[in-house]
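Take a look at the structure set out below.
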Amino acid sequence: MPELRYREALNQALREELQRDERVVLMGEDIGVFGGAFKVTEGLLEEFGERRVRDTPISENTFVGIGVGAAMTGLRPVVELMTVNFALLAFDQIVNHAAHIHYMFGGQARVPLVVRMPQGAGHQLGPTHSHCLEAMFLHVPGLLVATPSTAADAKGLLKTAIRDENPVIFIEHESLYGVRGEVPDPPTPGTGGEEHLVSFGRAAVRREGSDVTIVGVSRMAVTAQRAAEQLAAEHGVQAEVIDPRTLRPLDLDTILQSVAKTNRCVVVEEGWPHGGVGANLSALISEQAFDDLDAPVRRVSGADVPMPYSKPLEDIAYPHEPQIVQAALAVLGGVRA
Amino acid sequence: MAQTQPEPGGTRVMRTPPALPDPETAREWLATMTLIRRFEERAGEMYARAKVGGFLHLSIGEEAAIVGAARALREEDYLIATYRSHGHALARGTPPEQVMAELFGRVDGCCKGRGGSMHMFDLKRRFMGGYGIVGGNLPIAAGIALSSDYRETEEVTLCVFGDGASNQGTFGETLNLAALWKLPVVFMVTNNQFGMGTALKRHSAVTDLQRKGESLGVPGTRCDGMDVLDTHTVVSEAVERVRAERQPMLVEAITYRFRGHSMADPEQYRSKEEVTLWRERDPIPAFAAELEGAGAIDAAEQARIEEDAVARVDAAVEFADASPFPQPESLYDNAYVVDEQVKGRYH
Ligand SMILES: Cc1ncc(C[n+]2csc(CCOP(=O)(O)OP(=O)(O)O)c2C)c(N)n1
């Protein structure tokens, strides 16, 4: 299998879907001539032309709404928001319309729309450009939410998202764009081969272990794996690391099965703690697997502050391996520490 | 030509009055306006009797602006409106039974009781919905127009919204984008002179709303929204021009809502005299008189139109009342399109 960067895998997914389905149209700020703020759409304008790869003005709420209307009437728009922070300007169209139209109109219309955006801290961009907001979208019925953490998932989930009949919030991570990973080859015309699609609602077990379950969301799936290696090397603790890959639908079964085995769980996310993904997961696990738990579910999250600019502060405002290791040892009650 | 402040009786745009359509067409317009009026009156009564919940925004007084515009469209064209859109659905052909049942929150409503008064929708008739968010329908309209254009069809989208909505960011954003991308969409601002209780001159620095798209590359025009013929003529011109030239236009229809903004509106922001003056220009008797003068209709026929409308509304109420409420088990229906990724309701 060839190694691709996360951004190249996304680019490949978009290219393949543009080739496969004439109804697929890309829209977003600087996705064409400029090639995308994070270069995900590089080369697509040249290949597919302005009719299908459309640079938009800086009007987030409106071009997401245009995506909604176009999706209702036969197209499969993929809208790029430069970062998740600008999705807040489009929250009206995303929540009031994209998410609700199918329900509100009694099932008459569908909104097969993908809204892509990157998130994440680490680049000293301060409080308006650094947050992780997957929990805000997770909150909304009617949306599907994907948070790929590997190049293969980035490609496979995006292709699936574009083919799905529901609106999908597709959240990439800024720090992962340059990270390489193995991605299955596209099928070659004539000789065939399987297309690389990743189903929604199937968590990936990134590392097997029997002592503690660590669920990591978005980039935190990667950080959790590193923490797990540290736990094994330094503390003799075998952690099972689960990447949910999609938050809606959520593969709770895989998480519960793991908890039934380990009896302990840590949820790691980069976003804020209150009303976060971890809060939600910990409630679900407590409700559905209380008897399996030997300790309360523990959350590791970003700090409960707007993301500070200053490097030392930013560093401590989102989770790194040590906090995850500590949380795992804490739910193990210090037994093995 | 155009006046900055609309005055009762003073908004008719000075141009050669257009010729009446053939008598059959004219009668249908009158009948549809009458149906909307009777429907809205009855909806108000049903609200008072607690058959209808939530908000109820009536279009009484605005029937000419609705019917004149809707009749400028072809069957394959799209119409998209606001929370004040029972009349638009009816004009597009949605059976009054389904609209009333939606108001009653019943399973046979056009949206199965999920949308209510503010969220009518009829995909089959290309009525692309009522939207409860002021200004929220403009981007969607542009998206529909993009789809029409992309699929290389001749379809045009008519997007109706209020004077208040012209202050939303989506107004500027959408007009700019529609002009930039040459989308076949006609924006129609139904200037009923109030956004809730705020008068036009108190909410918009530019009160000549037809000009509000100029700086965005969207030329504007104006019609007398109290006159179905004038509205039809102006909107038809705009629709056909947009269809041919692939360039959006803005139409301002000057009209007046005779009732409160919604049912809970003591109307302290305007005088009884002002309302009375506008009611003297009631578009329905005005058009009936015009038709009678032209010999297109007689008193007997007018009476028949009136009786028909009342009978249809009676039937709609009866139907709505007999339709069941949705079953509790159906609560989660259509939250998602159930498909490969979504196997059932979200747990
Ligand atoms: C985004 C948003 N803000 C406020 C409201 C509350 N609201 C409902 S209707 C309305 C007035 C809108 O006036 P206009 O656009 O002129 O339309 P009209 O009601 O006169 O038809 C307001 C403020 C809303 N529904 N949506």
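- Ionic pairing of B/Glu252 and B/Arg211 is not present here: no N-O contact between side-chain nitrogen and carboxylate oxygen is shorter than 4.0 angstrom.
- Heavy atoms closer than 4.5 Å to chain B are found nowhere in A/Thr246, neither backbone nor side chain.
- Comparing B/Thr170, B/Thr174, B/Ile140 by heavy-atom pairs within less than 4.5 Å of chain A, the highest count is held by B/Ile140.
- Heavy-atom pairs under 4.5 Å with chain A were tallied for B/Ala145, B/Ser147, B/Gly109; the largest tally goes to B/Ser147.
- A donor-acceptor pair shorter than 3.5 Å cannot be found between the side chains of A/Ser199 and A/Arg245.
- A/Ile101 touches chain B through its side chain: at least one heavy atom from C-beta onward sits under 4.5 Å away, while N, CA, C and O do not.
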task = Before giving the answer on salt bridge (Lys or Arg N to Asp or Glu O under 4.0 Å), spell out for A/Glu22 and A/Arg51 the whole-Å C-alpha distance, their side-chain angles and the decisive distance to 0.1 Å.
result = CA-CA 11 Å; A/Glu22 173 76 17; A/Arg51 178 166 168 266; 3.0 Å; yes
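- No salt bridge links B/Asp108 with B/Arg106; every basic N to acidic carboxylate O contact stays at or beyond 4.0 Å.
- Taking 4.5 Å as the limit, some side-chain heavy atom of B/Cys159 sits within range of a side-chain heavy atom of B/Ile80.
- Of the residues considered (B/Gly143, B/Ala335, B/Gly129), B/Gly143 shows the highest number of contacts with chain A, using heavy-atom pairs under 4.5 Å.
- Ranking A/Met72, A/Arg110, A/His97 against chain B, the residue ahead of the rest is A/His97, based on heavy-atom pairs under 4.5 Å.
- Between A/Arg54 and A/Glu80, none of the side-chain N atoms (NZ, or NE/NH1/NH2) sits under 4.0 Å from a carboxylate O, so this pair counts as no salt bridge.
- The parts of A/Glu165 that come within reach of chain B are both its backbone and its side chain, each placing non-hydrogen atoms under 4.5 angstrom from that chain.
- Between B/Leu138 atom CG and B/Ser166 atom OG the span is 9.5 Å, to the nearest 0.5 Å.
- Interface remark: of the candidates A/Asp164, A/Val68, A/Asn61, A/Asp164 forms the most heavy-atom pairs closer than 4.5 Å to chain B.
- Contact of B/Leu180 with chain A is made through the side chain alone, with heavy-atom distances under 4.5 Å.
- Residue contact with chain A, scored on non-hydrogen atoms closer than 4.5 Å, involves the backbone of B/Asp333 exclusively.
- Of the two parts of B/Leu331, the backbone and the side chain both hold a non-hydrogen atom closer than 4.5 Å to a non-hydrogen atom of chain A.
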request  = Check step by step if ring-ring contact (aromatic ring centres under 6.0 Å, His included) holds for A/Phe137 and A/Phe91.
outcome  = CA-CA 9 Å; A/Phe137 298 105; A/Phe91 230 55; 5.4 Å; yes
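- Top candidate by heavy-atom pairs under 4.5 Å with chain B, chosen from A/His102, A/Arg202, A/Arg52, A/Arg163, is A/His102.
- Residue A/Val111: no heavy atom, backbone or side chain, is found under 4.5 Å from chain B.
- No other option in B/His119, B/Glu102, B/Lys112 has as many heavy-atom pairs under 4.5 Å with chain A as B/His119.
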inquiry  = B/Val160 vs B/Leu158, test: side-chain contact (heavy atoms from CB on, under 4.5 Å). Steps then yes/no.
reply    = CA-CA 6 Å; B/Val160 179; B/Leu158 177 63; 4.2 Å; yes
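- By number of non-hydrogen pairs under 4.5 angstrom with chain A, the leading residue of B/Asn137, B/Val338, B/Leu177, B/Thr157 is B/Leu177.
- Ion pairing of B/Arg74 with B/Glu154 is present here, as a side-chain N (NZ or NE/NH1/NH2) and a carboxylate O approach within less than 4.0 Å.
- The contact between A/Val140 and chain B is made entirely by backbone atoms, counting heavy-atom distances below 4.5 Å.
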